[in-house]
Amino acid sequence: MLQLSTLRENTQQVIEKLAKKNFKNEAAIHEVIALDTARRTTQNEQEIILAQNNALAKQVGDLMKAGNKDEANALKETTLANKETSKQLGDKLADIELQIQNILYTIPNIPADAVPVGHTPEDNEIVRTAGAIPTLHAGAVPHWDLCKKYDLIDFELGVKITGAGFPVYKGKGAKLQRALINFFLDEATAQGYAEIQPPIFVNEASAYGTGNLPDKEGQMYHMQIDNLYCIPTAEVPVTNIYRDVILKESELPIKNTAYTPCFRREAGSYGKDVRGLNRLHQFDKVEIVQIAHPTNSYELHQQMVTYVESLLNKLELPYRVLKLCGGDMSFTSALTYDMEVFSAAQERWLEVSSISNFETFQANRLKCRYKDGEGKVQLVHTLNGSALALPRIVASLLENHQTENGIRIPQALVKYTGFEYIN
RNA sequence: GGAGAAGUGGCAGAGUGGUCGAACGCGGCGGUCUUGAAAACCGUUGUACUGUAAGGUACCGGGGGUUCGAAUCCCUCCUUCUCCGCCA
């Protein structure tokens with residue numbers, strides 16, 4: 001959620017910058033500014049009446065004490081009339097505030113200057129490509145065939161137990177999952193990220209806090225009986241730790257990492273995008289989150305990218321780093337890098353991580369702030385990234401490292417799997 | 001799930017209808033003293049909105065109500081604690 005002060009003070013600039021995100025609803029911005037003016041007028045009117053009533057109430061008290069009942073009763077009439085007016089103004093104020101909030105929820109974050117112009121994924125900027133794309137042996141197959149061949153992941157069994165998109169990991173497939181989770185957590189911890197194990201269901205307030213509500217209502221599983229949501233990413237519970245918190249400047253940056261299962265309804269996905277491990281309803285992910293000082297958040301953002309690259313290098317996977325264009329970025333992000341690995345048998349790039357700086361957009365909604373040197377309260381910057389999402393890593397790992405004699409486990413992972421080959 | 005008790009500032013803890021944004025203490029910050037530190041002493045110390053400012057308004061778990069006036073009374077929800085039941 002953008003700050004009203006930003007919209008009010010830099011209206012034209014904001015409109016121009018939002019064009020890069022294909023946001024064309026200028027009217028909404030003007031409307032919200034007008035509503036804000038109305039809000040202040042109304043609030044002022046109400047506060048004058050409230051102040052008057054506060055004074056009158058004191059006088060009534062004094063008169064009663066003095067035994068001057070008639071005069072007290074006369075004052076009471078004014079008070080009661082004021083109360084009625086104040087109530088009406090209060091209702092009007094609440095209505096205006098609701099309208100303001102509803103509009104603010106529809107305005108996306110301002111993209112950073114570094115964000116490339118563009119509308120589709122084709123317009124994303126390839127920052128760099130690294131790692132050698134392997135030449136597979138004749139007869140190499142996509143990961144879904146490998147899963148079946150080595151009995152690693154059973155998709156049909158998942159359908160029986162739950163439904164499509166809920167695979168069952170078996171044997172070395174299950175062990176590989178556990179190995180990757182431990183590997184990612186250990187690496188993150190070594191980089192100074194404090195490990196968190198959060199709840200995987202969150203309440204409504206948390207879902208609003210990170211902006212999953214109301215924007216992505218239909219994308220989350222919802223448990224109506226207790227009004228809880230299954231998290232689509234650890235970002236939600238971890239970032240909400242800092243909801244309504246005022247931090248000390250010296251505490252920044254806060255670095256957290258968490259492994260959680262993630263749940264996504266993925267309504268509207270179809271075809272080759274959902275084949276095998278490419279898109280699931282339940283998957284495992286290790287997330288990294290930073291709560292940062294605004295002055296160095298972009299530096300930290302780069303460090304996060306470098307860190308995720310180090311993971312991909314250790315897993316010996318070819319990857320590329322994309323800087324997302326305005327049209328492909330998420331609603332809440334100011335700058336996003338996507339990491340894609342090349343899945344050699346499918347011969348396509350798969351997104352395995354998305355690393356974003358939200359600047360104050362999320363912090364404003366979360367009310368996560370810090371107190372600066374002068375004692376003033378300021379919004380923090382929030383950042384997060386996957387490090388990493390498992391399914392597509394597993395897909396590319398199986399495909400890229402397949403040999404005629406089995407699937408080779410990258411050296412860095414062997415101490416976690418306990419085996420060097422899947423065969 | 002049943003019965004009872006309680007939720008006040010960073011913490012601890014007073015306050016049961018008006019003068020309470022809230023005592024006292026601890027902690028934090030600033031200062032005096034000291035070669036330095038500790039101790040002691042003095043001062044200061046919530047958030048938001050609004051206003052150029054002075055100031056005003058709101059907030060004592062959340063929401064609603066009674067009253068001229070609510071931290072204080074009533075309703076409701078949430079949370080915590082104690083006991084019982086159930087249970088990985």
Side-chain angles (χ1 to χ4, degrees), chain A residues 1-9 32-104 197-209 213 223-229 237 240-252 254 261 291 360 362-380:
Chain A
M1 189 162 71
L2 290 176
Q3 294 167 85
L4 269 170
S5 55
T6 310
L7 292 174
R8 203 165 51 217
E9 287 155 25
V32 85
I33 293 170
L35 282 166
D36 183 47
T37 308
R39 192 208 93 229
R40 283 189 280 175
T41 312
T42 311
Q43 185 177 323
N44 259 325
E45 287 172 28
Q46 191 195 23
E47 284 181 358
I48 287 166
I49 290 170
L50 286 173
Q52 197 181 37
N53 261 14
N54 283 343
L56 284 173
K58 250 171 221 172
Q59 284 181 41
V60 171
D62 291 342
L63 288 169
M64 297 286 256
K65 224 173 274 175
N68 199 338
K69 264 198 170 170
D70 292 342
E71 239 178 280
N73 284 332
L75 288 185
K76 278 191 196 178
E77 281 180 34
T78 319
T79 321
L80 284 171
N82 275 349
K83 218 171 139 181
E84 188 50 42
T85 318
S86 152
K87 194 172 151 47
Q88 281 169 12
L89 287 169
D91 290 346
K92 188 177 163 192
L93 194 61
D95 180 59
I96 292 172
E97 278 171 352
L98 187 70
Q99 286 185 57
I100 288 175
Q101 190 163 66
N102 285 340
I103 295 175
L104 283 180
Q197 204 174 97
I200 60 172
F201 300 158
V202 294
N203 58 30
E204 223 176 354
S206 294
Y208 273 101
L213 287 178
M223 283 158 291
Q224 203 158 22
I225 189 162
D226 289 313
N227 194 24
L228 296 173
Y229 293 86
N240 269 285
I241 293 172
Y242 307 99
R243 170 156 51 87
D244 290 322
V245 169
I246 297 174
L247 297 156
K248 291 197 197 96
E249 196 169 22
S250 59
E251 291 178 274
L252 302 175
I254 291 174
I291 310 289
T360 59
Q362 222 173 28
N364 188 34
R365 206 187 273 202
L366 276 173
K367 291 208 194 73
C368 179
R369 295 159 294 176
Y370 70 95
K371 202 170 260 189
D372 70 14
E374 291 168 5
K376 283 181 72 180
V377 175
Q378 313 273 9
L379 291 171
V380 299

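Order of the sequence lines sets the chain letters (A, B, ...), proteins ahead of strands, with each chain counted from 1. None of these values were measured; they are calculated from a predicted model.
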May I ask which nucleotide in the shown strands pairs with B:A3, Watson-Crick or G-U wobble, both distances under 3.5 Å? B:U82

By the Watson-Crick or G-U definition, both distances under 3.5 Å, B:A39 is matched with none

Under a 3.5 Å distance rule, please check whether A:Asn82 uses its side chain to pair with a backbone N or O of A:Ile49 as donor and acceptor. no

P atom, B:G28 versus B:C83: distance in rounded Å? 36 Å

Integer-rounded Å distance: B:A48 C1' and A:Gln46 CD: 15 Å

Rounded to the Å, how far apart are A:Lys376 NZ and B:G46 P? 16 Å

CD of A:Gln3 versus C1' of B:C49: gap in Å, rounded? 14 Å

Nearest-angstrom distance from the residue atom CD of A:Glu204 to C1' of B:G62: 14 Å

What integer number of Å spans the P atoms of B:G65 and B:C60? 15 Å

Under 3.5 Å on both distances, the Watson-Crick or G-U partner of B:A53: none

Quick check for you: among B:U50, B:G46, B:G69, whose closest atom lies nearest to any side-chain atom of A:Lys371? B:G46

As its Watson-Crick or G-U partner within any shown strand, both distances under 3.5 Å, B:C68 has B:G18

Whole angstroms only, please: what is the CD-C1' distance between A:Glu71 and B:C68? 14 Å

Taking any heavy-atom pair under 4.0 Å as a contact, classify A:Lys367: base, sugar-phosphate, or nothing. nothing

Is the number of heavy atoms from other residues, nucleotides or ligands within 6.0 Å of CD (A:Gln197) greater than 12? no

Using the 3.5 Å cut-off, write out each protein N or O paired with an N or O of nucleotides 53-60 of chain B and the distance between them.
from: B:G56; atom 1: N2; to: A:Glu47; atom 2: OE1; distance (Å): 2.8
from: B:G56; atom 1: N2; to: A:Glu47; atom 2: OE2; distance (Å): 3.2
from: B:U57; atom 1: OP1; to: A:Asn54; atom 2: ND2; distance (Å): 3.1

So which nucleotide from B:C49, B:G51, B:U47 ends up closest to the side chain of A:Arg40? B:G51

For B:A48, does either OP1 or OP2 sit under 4.0 Å from a side-chain N or O belonging to A:Arg369? yes

Just to confirm, is there a sub-4.0 Å distance from OP1 or OP2 of B:U67 to any side-chain nitrogen or oxygen of A:Lys83? no

When you look at A:Asp36 and A:Arg40, which way does the salt bridge (Lys or Arg N to Asp or Glu O under 4.0 Å) test go after all the steps? CA-CA 6 Å; A:Asp36 183 47; A:Arg40 283 189 280 175; 3.7 Å; yes

Rounding to an integer number of Å, can you tell me how far A:Lys248 NZ sits from B:U45 P? 19 Å

